[in-house]
Number of protein chains: 2
Amino acid sequence: MFSIGQLSKRTGVKIPTIRYYEQMGLIDEPGRSEGNQRRYTKDGLSRLSFIRHSRDLGFTIEDIRGLLDLSQHPEEPCNDAHSIAAQHLREVQSKITKLRRLERELKRITKCDAGNMATCAVIETLADHGLCETEH
Amino acid sequence: MFSIGQLSKRTGVKIPTIRYYEQMGLIDEPGRSEGNQRRYTKDGLSRLSFIRHSRDLGFTIEDIRGLLDLSQHPEEPCNDAHSIAAQHLREVQSKITKLRRLERELKRITKCDAGNMATCAVIETLADHGLCETEH
DNA sequence: TATAATTCCTCTAGCTACTAGAGCTTCAAG
DNA sequence: CTTGAAGCTCTAGTAGCTAGAGGAATTATA
């Protein structure tokens, strides 16, 4: 049996976040001590680790809800789990693409070495969209 | 003089967002028609374009507040504008790095072709952090 | 066993940057 | 002068937490 603090230390999930997940229905309401404090089992620990790990990989709460459901049915085919992960991969890739475009643009405008605002490439570019090299 | 709708069309910023920026103090309260509707000048238009463009480049509202302030002082040196942009560039680059790690991990786990949940790499990886290839 | 330090409880509100909707008023065209 | 589009204010909701108030329970030390 773990207290919420111990669970937090073992999983790296902050205490208020654990309570938040409980509220969102991602984890079951655990048992309570006589004094009404939460007491977790190993099952609770592994479920929370699953959630933590999924969040690290950037899955949304709703994705995780689905993945958790799916993981409860070991005999079923795992197409659904795959499509959630594959969809997420596409989102990640599209974010990367966008950020790389931003990076290029920011690199370009921060290269400016004008002395003052009036001729500063940063300010000038922001003021005038026409100076951008790429669409965004 | 533009109505809020015209301003919205010219800048691509949605109407409620324009009002939101006003509330946040990013743009000045514009004049009003006799019937209390907002009326914008060219100055308002260029300020909003500046904001729009900055948001496209991923600057936060607070960053933009700073950049707008700086752009009002054309005679001053532009070191501050640069450091805001350079800092933002670093943040973008760090996001890219993280996302690339995620991408690698997601690619790996979605390659799984197990038939069912019990042996599915997606579920298994999420359940057991030890199976990850990289830290995240 | 008494007390002190720590942890835990619930509840509410705040963060970013918007977006949506209700219910009402004004504007512009015909 | 009517009608439909556009505008007004205000409130609340989005994701995923985080912070703080005010109080109760648990654990460690004396």
Side-chain angles (χ1 to χ4, degrees), chain A residues 1-27 29-40 44 47-48 50-68 84 87-88 91-92 95 98 102 136, chain B residues 1-27 29-40 44 47-48 50-68 84 87-88 91-92 95 98 102 136:
Chain A
M1 292 296 227
F2 317 108
S3 69
I4 198 170
Q6 291 167 331
L7 194 68
S8 171
K9 263 184 202 134
R10 276 166 184 264
T11 57
V13 179
K14 287 183 189 153
I15 292 173
T17 306
I18 297 175
R19 291 198 276 247
Y20 169 75
Y21 289 158
E22 182 184 325
Q23 212 184 304
M24 294 296 100
L26 275 195
I27 55 185
E29 292 186 21
R32 297 281 180 140
S33 73
E34 287 193 3
N36 199 36
Q37 301 194 351
R38 290 169 177 82
R39 290 294 176 263
Y40 296 91
R47 194 172 171 99
L48 186 57
F50 186 105
I51 294 169
R52 165 77 212 263
H53 196 179
S54 306
R55 286 294 300 137
D56 282 348
L57 289 171
F59 288 99
T60 66
I61 299 285
E62 285 317 302
D63 282 346
I64 298 172
R65 208 188 291 282
L67 291 169
L68 279 166
I84 290 174
Q87 170 61 26
H88 182 48
E91 283 161 15
V92 167
K95 268 189 202 165
K98 276 186 198 151
L102 280 192
H136 36 244
Chain B
M1 292 297 225
F2 317 107
S3 69
I4 196 168
Q6 291 167 331
L7 193 67
S8 170
K9 262 184 202 132
R10 276 167 184 261
T11 56
V13 179
K14 287 181 190 154
I15 292 174
T17 305
I18 298 176
R19 292 198 275 245
Y20 169 76
Y21 288 156
E22 182 184 325
Q23 211 183 305
M24 293 298 98
L26 274 195
I27 54 186
E29 293 186 22
R32 298 281 181 140
S33 72
E34 286 194 4
N36 199 36
Q37 301 194 350
R38 290 170 178 80
R39 291 292 176 264
Y40 296 90
R47 193 169 172 101
L48 187 56
F50 186 104
I51 295 170
R52 167 77 213 264
H53 196 180
S54 305
R55 287 293 301 137
D56 282 349
L57 289 172
F59 287 98
T60 66
I61 299 285
E62 285 316 303
D63 282 345
I64 298 171
R65 206 187 293 281
L67 291 169
L68 279 166
I84 292 175
Q87 171 61 26
H88 182 48
E91 283 161 16
V92 167
K95 269 189 200 164
K98 277 187 195 149
L102 280 191
H136 38 243

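Source: prediction; values computed, not measured. Reckoned from all heavy atoms, side chains included, excluding hydrogens, waters and symmetry mates. Numbered from 1 within each chain, the chains take letters A, B, ... in sequence-line order.
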Enquirer: Measuring only between side-chain heavy atoms, which start at C-beta, is A/L26 closer than 4.5 Å to A/R47?
Expert: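 A side-chain contact under 4.5 Å is absent here.
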
Enquirer: Could you state the CD-C1' distance from B/E34 to D/dA6, rounded to the nearest angstrom?
Expert: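 After rounding, the gap between these two atoms is 18 Å.
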
Enquirer: When you check the phosphate oxygens OP1 and OP2 of D/dA15, does a side-chain N or O of A/T60 lie under 4.0 Å from one of them?
Expert: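 The answer is no; no side-chain N or O of A/T60 sits under 4.0 Å from OP1 or OP2.
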
Enquirer: Keeping the roles fixed (side chain from B/H88, backbone from B/T60), state whether a donor-acceptor pair exists under 3.5 Å.
Expert: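 Between the backbone of B/T60 and the side chain of B/H88 there is no qualifying donor-acceptor contact (under 3.5 Å).
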
Enquirer: Do the non-hydrogen side-chain atoms of A/R38 and A/P30 ever get within less than 4.5 Å of each other?
Expert: yes

Enquirer: Rounded to whole angstrom units, what separation is found between the CG atom of B/L26 and the C1' atom of C/dA17?
Expert: 11 Å

Enquirer: May I ask you to verify if any side-chain N or O of A/S3 is less than 4.0 angstrom from the OP1 or OP2 atom of D/dT26?
Expert: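 For D/dT26, neither OP1 nor OP2 has a side-chain N or O of A/S3 closer than 4.0 Å.
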
Enquirer: Taking for each residue the nucleotide of DNA chain D bearing the nearest heavy atom, is the 5' side occupied by A/R39 or by A/Y20?
Expert: A/Y20

Enquirer: Identify which nucleotide among C/dT19, D/dT9, D/dT26 has an atom closest to any side-chain atom of B/R38, counting heavy atoms from C-beta outward.
Expert: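 For B/R38, the side-chain atoms sit closest to D/dT9.
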
Enquirer: Take the protein atom CG of A/L7 and the nucleotide atom C1' of C/dT7, then report the distance between them rounded to whole Å.
Expert: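 Taking CG of A/L7 and C1' of C/dT7, I get 14 Å after rounding.
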
Enquirer: Between A/K14 and A/S33, who's closer to the 5' end of DNA chain D by nearest nucleotide?
Expert: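 So the residue in question is A/K14.
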
Enquirer: In this structure, how many angstroms lie between the C1' atom of C/dG14 and the CE atom of B/M24, rounded?
Expert: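 It is 13 Å, rounded to the nearest whole Å.
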
Enquirer: Give the nucleotide from the list C/dC8, C/dA17, D/dG16 with an atom nearest to the side chain of B/R55.
Expert: C/dA17

Enquirer: A/R19 has a side chain; which of C/dC8, D/dG7, D/dT18 sits nearest to it?
Expert: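 In terms of side-chain proximity for A/R19, the closest of C/dC8, D/dG7, D/dT18 is C/dC8.
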
Enquirer: Need to verify one output field. Residue with the more 5' nearest nucleotide on DNA chain C, B/T17 or A/K9?
Expert: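 Closest to the 5' end, via its nearest nucleotide, is A/K9.
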
Enquirer: In whole Å, what is the span from the CD atom of B/E22 to the P atom of D/dT9?
Expert: 8 Å

Enquirer: Base, sugar-phosphate alone, or nothing: which one does B/Y21 contact when heavy atoms must sit under 4.0 Å apart?
Expert: sugar-phosphate

Enquirer: Could you check which of C/dC8, D/dC8, D/dG7 has an atom nearest any side-chain atom of B/R32?
Expert: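 Of the candidates, D/dC8 comes closest.
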
Enquirer: Go through C/dC18, C/dC8, D/dC17 for me and flag the one nearest to the B/I61 side chain.
Expert: C/dC18

Enquirer: I'd like to know if the side chain of A/R55 reaches the main chain of A/F59, judged simply by a donor and an acceptor atom lying under 3.5 Å from each other, with no hydrogens or angles considered.
Expert: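 Yes; at least one donor-acceptor contact below 3.5 Å.
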
Enquirer: How long is the line joining CD of B/Q23 and C1' of D/dC8, in whole Å?
Expert: 13 Å

Enquirer: Side chain of A/I4: nearest nucleotide among C/dC9, C/dC18, D/dA25?
Expert: C/dC9

Enquirer: Is A/R65 paired with A/E62 through a side-chain N to carboxylate O contact shorter than 4.0 Å?
Expert: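 Judged by the 4.0 Å cut-off on N to carboxylate O distance, A/E62 and A/R65 do form a salt bridge.
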
Enquirer: Can you tell me how far C1' of D/dC10 sits from CG of B/N36, to the nearest Å?
Expert: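 Rounded to whole Å, this separation is 14 Å.
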
Enquirer: Among D/dT18, C/dC9, C/dC18, which is the nearest nucleotide to the side chain of A/Q37?
Expert: C/dC9

Enquirer: Checking the side chain of A/T17 only, and the main-chain atoms of A/V13 only, is there a donor and an acceptor separated by less than 3.5 Å?
Expert: no

Enquirer: In whole angstroms, how far is the P atom of C/dC27 from the CZ atom of B/F2?
Expert: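 Answer to the nearest Å: 19 Å.
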
Enquirer: What's the closest nucleotide to the side chain of A/P16 if the choices are C/dC8, D/dT18, D/dC8?
Expert: D/dT18

